[in-house]
Amino acid sequence: MSGVIVTDPPKAELKDVDALAGFGVATVSEAMGRTGLLGPGIRPVQQGVRVAGTAVTVIGWPGDNLMIHAAVEQCGEGDILVVTTTSPCTDGLFGELFATALRQRGVRGVVLNTGIRDTQELRDMGFAAWSRAVSSQGTVKATGGSVNVPIAIDGQMINPGDVILADDDGVVVVPRQRARETVEKSEAREAKEAATRAAFIDGQLGLDRYGLRETLQRLGVEYRTYEEYTEHEERTK
């Protein structure tokens, strides 16, 4: 497998990246029309951490972390390393030594469509990581791949420089061209949710706030007392 290392891809504005870090993954995905989510198989190795950064993408060979070594050189302040392979791989391609090198370069975290290891060490050093699997299985460094090219994870296209937002709920990708728009839509969604939260605290029901009683009626869902329900069940036996 030959490949290419792209050294200067355009990136989302850091001010927009940092603004998106103020919202949860669920909020941002909803703000984009329920798009951008990586699948539920990508899970955090820590809890209570949210990071956002610009994607440095890697595609390599299963069981081979050569291209992660190549990608470290292309990483800088505010980035998140995003790694996938040409076919499914759960080997531990990434560990504490990589994290040490990346942290020195200002990288905010890593998202792996593969396995990860040294998870306790990563938690101890405070380096944020999300992965497909946890595995102690080691790797080789023998096959070429690419850095900073478009990749796909769980059907989501990730371009270098896109915004990656990750928290306890998972990972979402925001195309760099939509970063500012998504900040504004996320702000509007949070304001709407704040108003709904206040209404729920005051005792309003979602059935009434969202007009769902009419939906239930349209779908033919009936209200019955317990006596009416049991009599109906007896008659239909």
Side-chain angles (χ1 to χ4, degrees), residues 5 9 11-12 14 16-25 28 37-60 62-85 89-141 145 147-148 151 153-154 156 158 160-174:
I5 298 171
K11 297 181 180 182
L14 197 55
D16 295 331
V17 175
D18 291 340
L20 285 169
F23 307 104
V25 165
V28 170
L37 287 175
L38 275 59
I42 305 289
R43 302 302 306 148
V45 304
Q46 68 284 308
Q47 290 291 302
V49 174
R50 180 189 297 157
V51 297
T54 45
V56 172
T57 60
V58 178
I59 183 165
D64 190 316
N65 66 4
L66 172 63
M67 298 315 296
I68 299 180
H69 283 280
V72 171
E73 184 181 24
Q74 304 306 317
C75 290
E77 190 70 38
D79 286 334
I80 289 180
L81 186 66
V82 186
V83 179
T84 192
T85 48
C89 172
T90 58
D91 295 342
L93 266 64
F94 186 96
E96 176 265 335
L97 291 177
F98 271 136
T100 299
L102 289 174
R103 187 166 66 175
Q104 293 302 112
R105 303 180 75 85
V107 173
R108 296 177 174 180
V110 64
V111 174
L112 300 159
N113 191 29
T114 66
I116 196 170
R117 62 184 187 178
D118 302 336
T119 57
Q120 183 62 59
E121 288 82 357
L122 294 176
R123 286 188 292 271
D124 289 345
M125 67 187 291
F127 189 84
W130 287 255
S131 70
R132 176 74 59 184
V134 174
S135 174
S136 296
Q137 179 63 49
T139 59
V140 298
K141 302 162 182 60
V147 176
N148 279 331
I151 63 173
I153 297 177
D154 292 336
Q156 296 296 332
I158 303 171
D162 285 348
V163 183
I164 300 295
L165 175 67
D167 62 17
D168 288 349
D169 290 338
V171 181
V172 65
V173 55
V174 180

message = Is there a side chain to side chain contact (heavy atoms under 4.5 Å, CB included) between N148 and V56? Walk through the geometry before answering.
response = CA-CA 6 Å; N148 279 331; V56 172; 3.6 Å; yes

task = Go through the steps to decide whether D162 and Q156 satisfy the test side chain to side chain contact (heavy atoms under 4.5 Å, CB included), and finish with yes or no.
result = CA-CA 12 Å; D162 285 348; Q156 296 296 332; over 6 Å; no

message = The test is side chain to side chain contact (heavy atoms under 4.5 Å, CB included); show your working for L37 and V172 and say whether it passes.
response = CA-CA 4 Å; L37 287 175; V172 65; 4.0 Å; yes

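With sequence neighbours excluded, the residues satisfying side chain to side chain contact (heavy atoms under 4.5 Å, CB included) with T84 are I59, N113, I151, I153.
Side-chain atoms of D167 come within 3.5 Å of backbone atoms of D169 as a donor-acceptor pair (strictly under, hydrogens ignored). Looking at R132, its side chain never comes within 3.5 Å of a backbone N or O of C89 through a donor-acceptor pair. Between the side chain of W130 and the backbone N or O of D168, no donor-acceptor pair lies under 3.5 Å.
Scanning all heavy atoms of the two residues, the minimum distance from D91 to G63 falls at OD2-CA, 3.3 Å. Nearest heavy-atom pair across A128 and Q46 is CA-OE1, 3.4 Å. When all heavy atoms are compared, the tightest approach of V107 to C75 is CG2-CB, 3.5 Å. In terms of heavy-atom proximity, G170 sits nearest to V25 at O-CG2, 3.4 Å. Across all their heavy atoms, V45 and S131 have their closest contact at CG1-OG, 4.3 Å. For the pair L81 and A71, the tightest heavy-atom approach, listed with the atom from each and the gap, is CD1-CB, 3.8 Å.
With a 4.5 Å cut-off on side-chain heavy atoms, M67 and I5 count as touching. Side-chain contact between I68 and F98: present, with at least one pair of heavy atoms (C-beta onward) separated by less than 4.5 Å. For the pair L122/I116, a side-chain contact is recorded, criterion being any heavy-atom separation below 4.5 Å from C-beta on. With contacts defined as side-chain heavy-atom distances shorter than 4.5 Å, the pair K141/N65 qualifies. A 4.5 Å side-chain heavy-atom check between F127 and D118 finds every atom pair outside the cut-off. You'll find the side chain of R105 reaches within 4.5 Å of the side chain of V72, heavy atoms only. At least one side-chain heavy atom of V171 sits less than 4.5 Å from a side-chain heavy atom of I164.
Looking at Q104 and T100, their side chains never bring a donor and an acceptor atom within 3.5 Å of each other. When only modelled atom types and interatomic distance are considered, D79 and T54 share a side-chain donor-acceptor pair under 3.5 Å.
Under the side-chain contact (heavy atoms from CB on, under 4.5 Å) rule, V173 has a single partner from L165, I158, V28, V163, which is I158.
Annotation: E121, atom CD; neighbour count of heavy atoms from other residues, nucleotides and ligands within 6.0 Å is above 12.
The CG atom of L102 sits 11.0 Å away from atom CG of L97, with the distance rounded to the nearest 0.5 Å.
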